[in-house]
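Notes for the one structure printed next.
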Amino acid sequence: MEGGGGAPPEVLEENESGCVPAASHGANGLKRSSWGFLFTGIVGGTLVAVYAVATPFLTPALRKICLPFVPATTKQIENVVKMLHCRTGSLVDIGSGDGRIVIAAAKAGFRAVGYELNPWLVWYSRYRAWREGVQDSAKFYISDLWKVTFSQYSNVIVFGVPQMMPQLEEKLTLELKDDARVIACRFPFPHWTPDHVTGEGVDTVWAYDVSTVRGKRP
């Protein structure tokens, strides 16, 4: 009965020896679990963000004909505008990228439209058009060029690759009106004979008047 209010000696010795109570073990385990959930959430969120950003750029590369984004040079833009001298009517840029050709055409007085498959580039192009003050005459749309009909355009700009030019040549021959002009940058059409050529190297630009093209085709 003596010392009934105190802890048994052996228990006191265990506590003094540094043993951690069961409640402390539970708290540490909960803390480690919380850090684990936080780490998993950060990694998962990062992967989702990378996927969201990369998918629009990688998806075109998986298509049968890849049309990569390569920004137009300042000289290429100047050559395109030169080929549009004295031209009127609507204009379309096939695969408009970051919108610099469409914006330049809008500044030259055209009502210009750009079609681009990558949504990030379309949104950026819209922002650039707004920043340059031509958002009313420069429009951008997310679309696959093979699903668009170009018959309503009088001026067509193409930054293509060799693999797509024969098929695009046939599509434009069928759809465009006789007074239309097609301007090809970097690569010419395989069967058409250009009416005008300017620039050199990667900055070369070929202009084809559809009426002339149809007259020369067999």
In this structure, CG of N79 is separated from SG of C185 (nearest 0.5 Å) by 8.0 Å
Linking I/L/V/M/F/W/Y whenever their side-chain heavy atoms sit closer than 4.5 Å, directly or via other members, would V122 and W130 fall into one cluster?
no
Residue pair L145 / M164, side-chain heavy-atom distance below 4.5 Å
yes
Any side-chain heavy atom of K139 sitting closer than 4.5 Å to one from R126?
no
Please determine whether side chain to side chain contact (heavy atoms under 4.5 Å, CB included) holds for the pair R111 and L91, giving the CA-CA distance in whole Å, both sets of side-chain angles, and the decisive distance to 0.1 Å.
CA-CA 6 Å; R111 295 196 64 83; L91 179 145; over 6 Å; no
What closest approach, in Å, do R186 and V202 show between heavy atoms, and which atom pair accounts for it?
CG-O, 3.8 Å
Of all the heavy-atom pairs spanning A180 and R87, show the shortest one and how long it is.
C-NH2, 3.7 Å
Linking I/L/V/M/F/W/Y whenever their side-chain heavy atoms sit closer than 4.5 Å, directly or via other members, would V161 and V156 fall into one cluster?
yes
Passing candidate, side chain to side chain contact (heavy atoms under 4.5 Å, CB included) with D93, options V102, I183, N155:
V102
Please report the closest heavy-atom contact between A129 and F140, naming both atoms and the distance.
CB-CE1, 4.0 Å
Would the distance check show the side chain of E116 and the main-chain N or O of G97 forming a donor-acceptor pair, the cut-off being under 3.5 Å?
yes
Is the shortest heavy-atom distance from the side chain of L172 to the side chain of Y208 under 4.5 Å?
no
For side chain to side chain contact (heavy atoms under 4.5 Å, CB included), just list the numbers for T212 and T193, CA-CA rounded to whole Å, side-chain angles, deciding distance to a tenth of an Å, and then say yes or no.
CA-CA 9 Å; T212 306; T193 300; over 6 Å; no
Quick note, salt bridge (charged side-chain N to carboxylate O under 4.0 Å, His left out) partners involving residues 200-213, not counting sequence neighbours, are R181-D209
Just by modelled atom types, is the Q167 backbone N or O under 3.5 Å from a matching donor or acceptor in the E170 side chain?
no
With a 4.5 Å cut-off on side-chain heavy atoms, are K107 and V134 touching?
yes
If you look at every heavy atom in T198 and M83, which pair is closest and at what distance?
CG2-CE, 3.3 Å
Please give me the minimum heavy-atom distance between V148 and K171, naming the atom from each residue.
O-NZ, 2.8 Å
Can you see which heavy atom on Y153 is nearest to which on S90, and at what distance?
CA-OG, 3.3 Å
Do E169 side-chain atoms and W192 backbone N/O form a donor-acceptor pair below 3.5 Å?
yes
Rounded to the nearest 0.5 Å, how far does CZ of R100 lie from OG of S125?
9.5 Å
How far apart are the C-alpha atoms of V92 and I157, what are their side-chain angles, what is the distance that settles it, and do they pass the side chain to side chain contact (heavy atoms under 4.5 Å, CB included) test?
CA-CA 6 Å; V92 62; I157 315 298; over 6 Å; no
Give, for atom CG of D98 and atom CZ of R128, the distance between the pair rounded to the nearest 0.5 Å.
5.0 Å
Salt bridge (Lys or Arg N to Asp or Glu O under 4.0 Å) partners for D179, two or more places apart:
none
Under the ring-ring contact (aromatic ring centres under 6.0 Å, His included) test, residues paired with Y141 that sit two or more places apart
Y115
Measure the spacing between CZ of F110 and CD1 of I101 and express it to the nearest 0.5 Å.
12.0 Å
Which label fits W123 and W120: parallel for a plane angle under 30°, tilted from 30 to 60°, or perpendicular past 60°?
perpendicular
When clusters are formed by joining ILVMFWY residues with side-chain heavy atoms under 4.5 Å apart, either directly or through shared neighbours, do W146 and I94 land in the same one?
yes
Would a distance-only check, ignoring hydrogens and angles, find a side-chain to backbone donor-acceptor pair under 3.5 Å from E175 to F150?
yes
Using modelled atom types and a 3.5 Å cut-off, is there a donor and acceptor pairing between side-chain atoms of S96 and backbone atoms of G99?
no
